[in-house]
Amino acid sequence: MRVMVLGGLLLLLARACLAQVSLVRVWPEKIWVKPGQPISGTVTVKNAGAETVELTVEACLVHDLDTVRGMQRQALRVAAKSEGTAAFRWSPRDAGLYGHALRARVLHGNRVVAEGENYFAVARCYWDVALLKTFPYFTADKGPSEIAEVRHNNYNGFEFFFWAPDDFADMTPEAEYWRSGQGRYKNTRTNLKAAIDLGHANGLALITYGKCVGYGPAILEYFRKRPENAGGFGEQLSFMHGAWELTRWHTNDAFSPNLRFYPNLSDPRVLAHGMNEILESTRMFGWDGVRFDGHFTAKTDAETAEIDRRLKTLLRKEFPDYTFGYNYAGTGQSGLKTLLERQPLETKALLNGGGLVMNEYIVSAGAGPAHPLHRWDVFAGLLVQDVDIARRYGGYYCAVNHEGRSPYRSIFIMAAGAHPYYGSEFRPFVHRYNQYFWDRALTRVARPDALVQAPDTLRWQSWTYLRPVDRRRQQ
């Protein structure tokens, strides 16, 4: 009897010790990985008990729904009141494309005492898997915690908007400190470079904001040196007066001007300057792409298309995977369909080669019945139409969205195969299973009701797809 009691007490003591073992973090080194790159990650375990524990850590990659690859095991000895970390590395052959989980289990003997997972994605083009957040300002001292928080929220990229001294004339600042031309944000080279370097170390895509117009003192200095660079030179100049505003530019922190100035894009020299600023800025800071809030245009459809082809050729000669995005998807209920009719060459050129078009207008669809997209059937129908057009011409489609307005917005955006730009509910789910939303091999089923029977009150037909798994199977 005494032996049984002693054995029971020892068992309870062992269980109490193991109950104090917890999983601190499962952490893929990079949240976005390109095909061919090795995959690595860490599993950190905490032992809050009073005794050292001998553990085994299992880790594997999980692709698609439940395909397990690259199972590995490591012994881990964790001292009392401390943490221990096991590091793992996988061959690129262990991963597929799109969403993955790095899954981990912690065992004591044969008993699982903790388990968890975290997500990453594999894609050549960032737009394939983009879950992007804006990031106007960054401080080097808080950088690691800010990046960790971004990754915890399942964002895998940043768009740096309003960062440059001027978004057209000066994207290559030599000074350590400046205020951005648009928005007048404070910036430093040290902080900006630290953000980009730390972002890349974590596998985040860093996208620069771009524009065909300028703001603030930098572009005015560009015009002062060569007045013919200003839009409308020799006719009616296309810029606002700003003497009063400029006197307060560097002295009043509360001042927020909105001085817009148009360069003369009909002049090949001026156009070349804007293109070269993007190229040189990418060399200087390491951008992965540019997203235009107003791209370079000309007087004719054909000329605008040619400008975009030249820009893509210029950047991709040196940076083959460079991405391009455009605030272009139009307004109202017609979307890309009308743009394709009015300016077919420009529309196709922007989408060609993996260009992404943004619908910013859609973000205000819930403002009231006056908005042409206020009805869910119209809202959802436009997304389905525009995503199909974008994919037909080799591009991607995103809808500006802010988390918390309505989960239905996020559902319709992602069910259509669009990317939520800036925010969305369900990011962890979409990050893990993004192949079922964004795989370029997805095809919409033309007659879904011939495959599935469902009540007429359900909306589902427009979001039924087939996806090839291999040569013999499809989902």
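Note: Phe379 and Trp376 meet the aromatic proximity criterion, with ring centroids under 6.0 Å apart.
Sorted by first then second residue, the ring-ring contact (aromatic ring centres under 6.0 Å, His included) pairs that include residues 445-475, not counting sequence neighbours, are Phe412-Trp463. The ring-ring contact (aromatic ring centres under 6.0 Å, His included) contacts involving residues 37-78 comprise His63-His100, where partners must be two or more places apart or lie in separate chains.
Listed by chain and residue number, nothing satisfies the side-chain hydrogen bond (donor to acceptor under 3.5 Å, both in side chains) test with Tyr393 (two or more places apart in sequence, or in another chain). In this structure, the side-chain hydrogen bond (donor to acceptor under 3.5 Å, both in side chains) partners of Ser40, at least two apart in sequence or on a different chain, are Glu29. Residues forming a side-chain contact (heavy atoms from CB on, under 4.5 Å) with Pro407 (at least two apart in sequence, or on another chain): Phe426. For the ring-ring contact (aromatic ring centres under 6.0 Å, His included) test, no residue two or more places apart in sequence or in another chain qualifies with Tyr119. Residues satisfying the side-chain contact (heavy atoms from CB on, under 4.5 Å) test with Asn352, not counting sequence neighbours, are none. Partners of His295 under the ring-ring contact (aromatic ring centres under 6.0 Å, His included) rule, at least two apart in sequence or in another chain, are Tyr326, Tyr328. Applying the side-chain hydrogen bond (donor to acceptor under 3.5 Å, both in side chains) test to Glu318 and every residue at least two apart in sequence or in another chain returns Arg283. For Ser334, the side-chain contact (heavy atoms from CB on, under 4.5 Å) test picks out Thr338, with sequence neighbours left out. Considering only residues two or more places apart in sequence or on other chains, Ser82 meets the side-chain contact (heavy atoms from CB on, under 4.5 Å) condition with Val78, Ala79.
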Please tabulate, one pair per line, all N/O donor-acceptor pairs under 3.5 Å involving side-chain atoms of residues 354-371, not counting sequence neighbours.
from	atom 1	to	atom 2	distance (Å)
Asn359	OD1	Tyr361	N	3.1
Asn359	OD1	Ile362	N	2.9
Asn359	ND2	Tyr397	OH	3.0
Glu360	OE1	Asn327	ND2	2.7
Ser364	OG	Tyr361	O	3.1
Ser364	OG	His371	NE2	3.2
His371	ND1	Leu373	N	3.0
His371	NE2	Tyr361	O	3.4

